[in-house]
Amino acid sequence: MRTIALGVVPLTTTAIAARLGPVALGGQQVAMRVWYLLALLLDALAVPAQVLRQLGPRRRRPGRRAPRRAAHPAAGPARRDRARRRHRRLAFWVPVLFTPDPAIRAAATVALLVAALTQPVAALAFVLDGLILGLSDYVAMRRAMILAIGAYLPVAALVLAFHGLGLAGIWVALGLWLAARSALLGRRWRAQFRAASG
């Protein structure tokens, strides 16, 4: 169920971009490929989060500090600003590698600039995914994924109704989806320590 929910948002995003026209669809595909590449690099943070969490039962403090340790590469205002600046620089030259069409390049650049804002919250979502996987709480993961779709859908529906919102609107919807996942999984992670200390 979680995997299906995880696939619904990217699939819906592509369908919405297709409704906006071929230029928007082309720009979205370029932006999504680049974002997925960066997201997979961030997803690598989930693995140390799982490992650090598994150390927790034997060594209480490392398990408790796991989120900070795993998220360390993506944490802190200075690091987030550097990551956003790198992503913004990519937004201007990467689309050239994908297409000679200036309209698609422009659409991809807009999408990538907005997508840059989602990277810190994406890192947090992936780390928390790993931590909750480390707890083997698949029910919480499924619930968070399904509820997070509720944060995505209203803005996605607005983009469908008002095409002028374009790819920027699509990426705002994706950012809300990631933020909701982070909030819900973070709540579950904090509950783990309230229960342990109570």
Quick one: closest heavy-atom pair of [X] and [Y], and the distance?
X      : Y      : result
Ala144 : Leu185 : CB-CD2, 3.7 Å
Ala111 : Ala31  : CB-CB, 3.5 Å
Ala183 : Arg190 : O-NH2, 4.5 Å
Ala125 : Ser182 : N-OG, 3.3 Å

Let me check something: do [X] and [Y] share a hydrophobic cluster, defined by ILVMFWY side-chain heavy atoms less than 4.5 Å apart, either directly or through other members?
X      : Y      : value
Val30  : Val110 : no
Leu178 : Leu158 : yes
Leu153 : Ile4   : yes
Trp189 : Val139 : no
Leu176 : Val114 : yes

Sidechain-backbone polar pair: Thr118 side chain, Gly175 backbone, donor-acceptor under 3.5 Å: no
Polar side-chain atom of Thr109 near backbone of Phe92 as donor-acceptor pair, under 3.5 Å: no
Atom pair [atom1] ([X]) and [atom2] ([Y]), whose distance is rounded to the nearest 0.5 Å:
X      : Y      : atom1 : atom2 : result
Met141 : Ser136 : CE    : OG    : 10.0 Å
Leu184 : Leu128 : CG    : CG    : 10.5 Å
Leu112 : Leu117 : CG    : CG    : 11.5 Å
Leu147 : Trp177 : CG    : CH2   : 13.5 Å
Ile170 : Ile16  : CD1   : CD1   : 5.5 Å
Leu113 : Leu167 : CG    : CG    : 11.5 Å

Between Leu135 and Ile132, is a side-chain contact (heavy atoms from CB on, under 4.5 Å) present by the stated rule, with each step listed? CA-CA 5 Å; Leu135 295 174; Ile132 304 304; 4.0 Å; yes
Heavy-atom side-chain contact between Ile104 and Pro95 under 4.5 Å: no
Arg33 and Leu37, any side-chain heavy atoms less than 4.5 Å apart: no
What residue pairs, at least two apart or across chains, pass ring pair (Phe, Tyr, Trp, His ring centres under 6.0 Å) with a residue in residues 133-167? none
Is the number of heavy atoms from other residues, nucleotides or ligands under 6.0 Å of Leu97 CG greater than 12? yes
Sequence neighbours left out, cut at 3.5 Å: what donor-acceptor pairs do the side chains of residues 19-29 make with other protein atoms?
from: Gln28; atom 1: OE1; to: Trp171; atom 2: NE1; distance (Å): 2.9

So the salt bridge (Lys or Arg N to Asp or Glu O under 4.0 Å) pairs with at least one residue in residues 167-182 (sequence neighbours excluded) are Asp129-Arg181
Start with the C-alpha distance between Leu124 and Gln119, add both sets of side-chain angles, then the distance that settles side-chain contact (heavy atoms from CB on, under 4.5 Å), and finish with yes or no. CA-CA 9 Å; Leu124 184 57; Gln119 286 299 310; over 6 Å; no
